Amino acid sequence: MENYIKNYNEKKMEPPNILKLFAMFSLRNRNIVPMSYNSPSYNKPLVNNNKNFYIMKTNYFLFLLVVLFASCSSDSDTIQVENIHGENSYIDVNVKFVGMNISMTADEDEWSGTRATASEAGVTRIALKVFDSDDKEIYSTEKTKENDGDGFDKISFQLLPGTYSFVAVAHKASASSEPVANIVSKTEATLNRSIAATTYCTVKDVTISTSSTTTTGSDTEAQDVVLDMGNRVNATFRVLITDQTPSDVESLEIILYPNLSETTTFTINPSTGYALNQYRSKVEYNKSATSNNTFTNQGCAIHSYVKNADDKVDVTINAKSADGKVLFTQTLSDVSIKPYHYTTATGNFFSVTSGASFNFNIGTGEITIPLRQ
């Protein structure tokens with residue numbers, strides 16, 4: 001009997017059947033049977049034997065204790081969640097976001113990059129989801145700098161031992177009411193906004209196990225998961241005007257993919273950073289908001305998500321009067337854009353100037369084209 005209870009506790013056996021316990025206990029202790037029992041070794045019925053009757057009551061009491069113990073043990077064991085690996089101990093997980101590259105140069109120029117935290121990179125939204133090996137969502141959280149403060153990029157929770165995919169999308173919001181990205185899967189996430197944002201994303205497979213934990217100062221074992229967000233996945237188009245801005249020009253409008261319909265949702269693949277489609281984006285700068293009340297040498301920019309490594313985009317640039325009338329316009333066709341690169345259109349805009357061919361310098365991470373073609 002003792003061996004059965006020991007095996008039950010150590011090996012997580014099924015809860016013992018009460019009748020089986022009773023039968024086993026009875027075979028080992030015949031005096032527990034509450035009836036007259038005649039045998040060659042017992043000359044009188046059990047019920048007439050005072051000594052045996054006392055033993056019977058004692059055994060009954062011990063039996064009830066065994067049943068009570070088995071019931072309590074069964075209740076405590078069945079409420080635990082057991083995972084596919086046969087382990088049922090949750091492990092504390094601490095997630096840290098690092099390595100965001102906020103420099104303006106390409107990946108190939110390793111000396112000019114600046115690795116930063118989420119706050120240093122200007123990121124204000126972080127979405128994190130964890131999927132198991134069957135792509136089932138196990139954990140999800142949304143963090144904003146406004147609600148969670150400067151430590152919003154540090155996340156802690158618990159997971160059962162196993163292999164998981166950590167999917168994270170971080171971006172810089174343009175308004176306090178803007179939500180975090182909606183992560184649908186390891187290959188799809190949406191951002192609800194009208195223009196692309198400075199965005200970082202990653203997918204990392206992690207094995208959670210007790211052998212990977214470290215002991216903290218409070219003697220609590222936890223596993224650290226570091227998500228290196230790397231380079232921004234968005235491309236940037238910039239207009240650098242070199243001639244003087246006319247006095248009647250009040251705003252400068254930049255439109256990417258002008259022939260497409262306007263959008264309020266961008267969908268990207270977190271594992272690659274590429275967009276699922278091409279999206280129209282539009283931004284408008286007011287002259288009064290510039291440092292010198294002019295667009296000359298200001299470098300007005302707009303972000304875009306890239307569908308592939310060799311994406312091309314049409315760009316329309318409009319200079320408008322205070323009443324919205326277009327005074328000057330220029331459309332650039334098949335402009336090369338790349339993730340983590342600036343494509344800069346530079347030159348005279350308000351006076352007619354013939355252009356030259358594309359100049360691409362991978363060392364500085366910039367694609368320079370003439371503003372007038």
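Counting begins at 1 with the first residue of the sequence. Every value quoted in this text rests on a predicted model; they were computed, and no experiment measured them.
A donor and an acceptor atom, one from each side chain of N269 and T187, are nowhere located under 3.5 Å apart. Side-chain atoms of E284 and N318 form no donor-acceptor pair, as typed in the model, at a separation below 3.5 Å. For the residue pair T294 / T245, a side-chain donor-acceptor distance below 3.5 Å is found, with atom types taken as modelled. Donor-acceptor pairing under 3.5 Å is recorded for the side chains of T331 and T316. Side-chain polar atoms of T344 and R238 form a donor-acceptor pair below 3.5 angstrom. Between the side chains of D323 and S321, at least one donor-acceptor pair of N or O atoms lies under 3.5 Å. Between the side chains of T242 and N348, at least one donor-acceptor pair of N or O atoms lies under 3.5 Å. For Y285 and T290, the side-chain atoms include no donor-acceptor pair closer than 3.5 Å. There is no side-chain donor-acceptor pair under 3.5 Å between T199 and N234.
Using a 4.5 Å heavy-atom cutoff, the side chains of T267 and N277 are not in contact. When side chains are defined from C-beta on, I138 counts as touching L159, because their heavy atoms get closer than 4.5 Å. In this structure, V315 and F237 have side chains that are in contact, with non-hydrogen atoms separated by less than 4.5 Å. The closest side-chain heavy-atom distance from C300 to I254 is below 4.5 Å. Between V203 and F131, every side-chain heavy-atom pair lies at or beyond the 4.5 Å cut-off. Side-chain contact between V225 and N94 is absent, with no heavy atoms from C-beta onward closer than 4.5 Å. Side-chain contact between Y274 and V233 is absent, with no heavy atoms from C-beta onward closer than 4.5 Å. With contacts defined as side-chain heavy-atom distances shorter than 4.5 Å, the pair D311/Q278 qualifies.
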field: K129 vs N182, side chain to side chain contact (heavy atoms under 4.5 Å, CB included): CA-CA, chis, key distance, verdict
entry: CA-CA 10 Å; K129 282 192 178 182; N182 177 31; 4.2 Å; yes
field: Check against side chain to side chain contact (heavy atoms under 4.5 Å, CB included), T343 and V335
entry: CA-CA 8 Å; T343 297; V335 177; 3.5 Å; yes
- request: Test T207 against Y164 for side chain to side chain contact (heavy atoms under 4.5 Å, CB included), laying out the working first.
  value: CA-CA 6 Å; T207 298; Y164 302 92; over 6 Å; no
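V95 and V130 fall within the same hydrophobic cluster, defined by Ile, Leu, Val, Met, Phe, Trp and Tyr side-chain heavy atoms under 4.5 Å apart, directly or through other members.
With hydrogens and angles disregarded, no donor-acceptor distance shorter than 3.5 Å links the side chain of R125 to the backbone of K172. Side chain of D134 to main chain of K136: no donor-acceptor pair is present (N/O by atom type, distance under 3.5 Å, no hydrogens or angles). Proximity of a side-chain donor or acceptor of D314 to a complementary backbone N or O of D334 within less than 3.5 Å is detected. No donor-acceptor pair under 3.5 Å is formed between the side chain of E188 and the backbone N or O of I183. At distances below 3.5 Å, at least one donor-acceptor pair connects side-chain atoms of D243 with backbone N or O atoms of F350.
Within the model, atoms NE2 of H171 and CD1 of I126 stand 10.5 Å from one another, a figure rounded to the nearest 0.5 Å. Taking NZ from K143 and CG from D148, the interatomic distance works out to 4.5 Å, rounded to the nearest 0.5 Å. Taken from CD1 in I195 to OH in Y305, the straight-line distance is 9.5 Å, to the nearest 0.5 Å. For the atom pair CG of N297 and CD of Q244, the computed distance is 8.5 Å after rounding to the nearest 0.5 Å. Put simply, OG1 on T124 and CD on E146 are 5.5 Å apart, with the number rounded to the nearest 0.5 Å. Between F97 atom CZ and F152 atom CZ the span is 9.0 Å, to the nearest 0.5 Å.
Among K325, E253, K287, the one residue that satisfies the side chain to side chain contact (heavy atoms under 4.5 Å, CB included) test with K320 is E253.
Nearest heavy atom pair, residue P270 against residue S185, reads CG-O, 4.2 Å. The heavy-atom pair separating A127 from A181 by the smallest distance is CB-O, 3.2 Å. The two residues A196 and S281 come nearest to each other via the heavy atoms N-OG, 3.9 Å.
Ring planes of F266 and Y279: perpendicular class, angle over 60° (limits at 30 and 60°).
A 6.0 Å sphere centred on CG of N147 holds more than 12 heavy atoms belonging to other residues, nucleotides or ligands.
Applying the salt bridge (Lys or Arg N to Asp or Glu O under 4.0 Å) rule to pairs touching residues 191-208 yields E178-R193, sequence neighbours excluded.
Remark: K186 engages D135 in a salt bridge, criterion side-chain N to carboxylate O under 4.0 Å.
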